[in-house]
Structure formats: structure tokens, C-alpha cells
Amino acid sequence: MSVDPMTYEAQFFGFTPQTCMLRIYIAFQDYLFEVMQAVEHVILKKLEDIPGCEISPVQIRKCTEKFLGFMKGRFDNLFGKMEQLFLQLILRIPPNILLPEDKPQEVHPCTEEEFHLLQKEIEQLQEKYKTELCAKQALLAELEEQKIVQAKLKQTLALFDELENAGRDHGTSDFRESLVFLVQNSRKLQTIRDNVEQEGKRMKIS
């Protein structure tokens, strides 16, 4: 098999020429093996019809394997020449031919140095894209945090509105007065709770 990767041909065919030749070689080998099996089967059937035949199936198998080895050697020799012919004259794209997707190279040719510069520019653009993508993700994460903070702020404002409404219901329109009123009521409730707990303990003791 050829060691030339023939990548340009693979771009055109969708497979490497070496792979094509390998499949042809395997197909020929399989066909040759099947033919020899069929020939051996026919010979054995003919021998069964000959009375007093001293040739055994083992001898037939040895002869078949020997002939198969001879045919395989001849085939390998011929296939090597055929492979060389196919890879050089049939499955090879001439060096002066460009594939349709490479036609722009004729209109905009570039030197090796320019090609390397383009590659470097592409790498820089890729790095810049990755950086901007990371920054975008960071901004999205910050935006989510701001949404959470905004939701909590709305809850806090709603609580203040409820406190202010509660203060108005009790005759205090100022928010500070409402807050003082709430603290006083809270202390009263705490005192009542402490008294209830103490009374419960006394009842248990008694």
C-alpha cells in the first residue's frame, strides 16, 4: 500500500484512494476464497461417484489450500501493479487542478507567509471571541443576581407599605411613628408570651 496520504484526493472522493484499493483487495480475496471452496465441493462430489477412489477429502483439502496459496501469490503480484496504476493515473488529482471549493485561491492567491499571518489572525480572533463570550456569561450572571436583589427590594418595599398601612389603620400616618407603634406592640406581645409561658410552668409544677 502507498504511504502517500493523498489528502487532496480524499477531500474530493470522501475517502482515501488507499482505502478504496484495500476494499478492492479484500473483495478479490473473499471472492477467490469462495471460488476455491466451490471448486473443492464440486471435486468432492465427483469423487463420491467414482467407485474405489483412494483420494481422501484431506488430500483434496491440502491440494486446494496449496492451489489457493499459489493463486494468492499471483494475485498479490498483479494487484501491486494494479494498485500503482490506479493511484498514479486514475485516483490521483493532477497538481494543476483545483477543486471547486478551492477555486477562490486562483482569484486571491497568497504566499506561505501571508497564509501564516491569516492563521495567526484567525487564532487571535478566536481568543478574542472566547474572551467576549466569558465576559458575556459574567454579565448574564450579574444580571441574574441583580434580578434577585430587585425581587428582594420589591419584597422589602411591599413590607414597608404594609407597615405604613397598618400604622394608618391605627391612626399613625408617619412611618417612624408606625415603626415605633410596631415595636411597642411587639414588646407587649413578647411580654404576654412570657407571662403565658410562666403561667404554664406554674400549672405544671402544681
Side-chain angles (χ1 to χ4, degrees), residues 1-138 140-141:
M1 288 291 176
S2 172
V3 295
D4 183 4
M6 301 181 73
T7 54
Y8 204 55
E9 285 77 9
Q11 179 181 337
F12 176 71
F13 292 114
F15 55 85
T16 62
Q18 291 88 341
T19 301
C20 176
M21 297 306 301
L22 178 61
R23 290 178 179 175
I24 293 174
Y25 178 81
I26 293 174
F28 268 105
Q29 291 275 25
D30 292 342
Y31 181 73
L32 179 62
F33 183 73
E34 292 175 1
V35 168
M36 294 308 302
Q37 280 186 321
V39 170
E40 181 181 341
H41 180 72
V42 172
I43 292 174
L44 291 174
K45 291 291 289 184
K46 292 293 184 181
L47 290 177
E48 290 178 358
D49 298 333
I50 300 175
C53 180
E54 298 180 354
I55 302 176
S56 65
V58 176
Q59 291 176 315
I60 296 297
R61 172 54 61 89
K62 288 182 179 180
C63 292
T64 302
E65 291 178 351
K66 186 176 181 181
F67 184 69
L68 179 61
F70 170 78
M71 291 296 295
K72 186 177 181 302
R74 296 287 296 174
F75 172 74
D76 288 345
N77 186 29
L78 293 174
F79 186 83
K81 296 178 182 179
M82 183 178 71
E83 179 190 18
Q84 187 177 5
L85 176 67
F86 268 67
L87 294 180
Q88 289 182 355
L89 302 178
I90 298 177
L91 297 177
R92 179 175 295 276
I93 298 177
N96 61 328
I97 299 298
L98 284 177
L99 297 179
E101 58 267 30
D102 296 329
K103 284 292 184 181
Q105 293 184 14
E106 290 183 336
V107 183
H108 306 287
C110 65
T111 62
E112 185 176 355
E113 183 179 357
E114 292 174 337
F115 177 73
H116 288 308
L117 289 175
L118 286 174
Q119 279 188 324
K120 186 176 181 180
E121 184 178 354
I122 291 174
E123 291 175 358
Q124 291 175 349
L125 289 174
Q126 289 176 340
E127 289 296 327
K128 184 177 180 181
Y129 171 75
K130 291 179 180 178
T131 302
E132 292 182 353
L133 185 62
C134 292
K136 179 181 177 181
Q137 292 176 347
L140 290 175

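The chain is numbered in sequence order, starting from 1.
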Problem - Neighbour count above 12 (heavy atom, 6.0 Å) for E113 CD - result: no
Exercise for the section: Any chance you could measure E132, atom CD, to L125, atom CG, to the nearest 0.5 Å? Expected result: 9.5 Å
Practice task
Hey, could you give me the CG/CZ distance between L85 and F79, rounded to the nearest 0.5 Å?
Solution key: 11.5 Å
Exercise for the section: Step through the shown structure and confirm whether more than 12 heavy atoms of other residues, nucleotides or ligands are within 6.0 Å of CZ on F13. Expected result: yes
Handout entry: Nearest-0.5 Å distance that lies between atom NE2 in H41 and atom CG in L44
Key = 8.0 Å
Fill in the blank from the handout: Of Q88, K81, M82, the one forming a side chain to side chain contact (heavy atoms under 4.5 Å, CB included) with Q84 is Q88
Exercise for the section: Identify the two heavy atoms, one from E40 and one from I60, that lie closest to each other, and give their separation to 0.1 Å. Expected result: CG-CG2, 3.9 Å
Practice task
Using a cut-off of 6.0 Å, state whether more than 12 heavy atoms not belonging to E121 lie near its atom CD.
Solution key: no
Exercise for the section: Could you check if a side-chain atom of L91 sits within less than 4.5 angstrom of a side-chain atom of M21, using non-hydrogen atoms only? Expected result: yes
Problem - Gap between atom NZ of K120 and atom CD of E123 - 0.5 Å precision - result: 9.0 Å
Problem - Within-4.5 Å side-chain heavy-atom neighbours: E114 and L118 - result: no
Completion exercise
One should read off an interatomic distance between I122 CD1 and Y129 OH, to the nearest 0.5 angstrom, of 15.5 Å
Exercise for the section: Taking the side chain as every heavy atom from C-beta outward, state whether K62 and V58 have any atom pair closer than 4.5 Å. Expected result: yes
Handout entry: Electrostatic pair D76:K72 at N-O distance under 4.0 angstrom
Key = yes
Completion exercise
For I93 and E9, the nearest pair of non-hydrogen atoms, with its separation, is N-OE2, 2.9 Å
Handout entry: Approximate separation, where rounding is to 0.5 Å, of M6 CE and T16 OG1
Key = 8.5 Å
Exercise for the section: Test F28 against F75 for ring pair (Phe, Tyr, Trp, His ring centres under 6.0 Å), laying out the working first. Expected result: CA-CA 9 Å; F28 268 105; F75 172 74; 5.2 Å; yes
Exercise for the section: Take atom CZ of F15 as the centre, draw a 6.0 Å sphere, and report whether it contains more than 12 heavy atoms from other residues, nucleotides or ligands. Expected result: yes
Exercise for the section: Using the side chain to side chain contact (heavy atoms under 4.5 Å, CB included) rule, take R23 and T19 through it: C-alpha gap first, then chi angles, then the decisive distance, then the call. Expected result: CA-CA 6 Å; R23 290 178 179 175; T19 301; 3.7 Å; yes
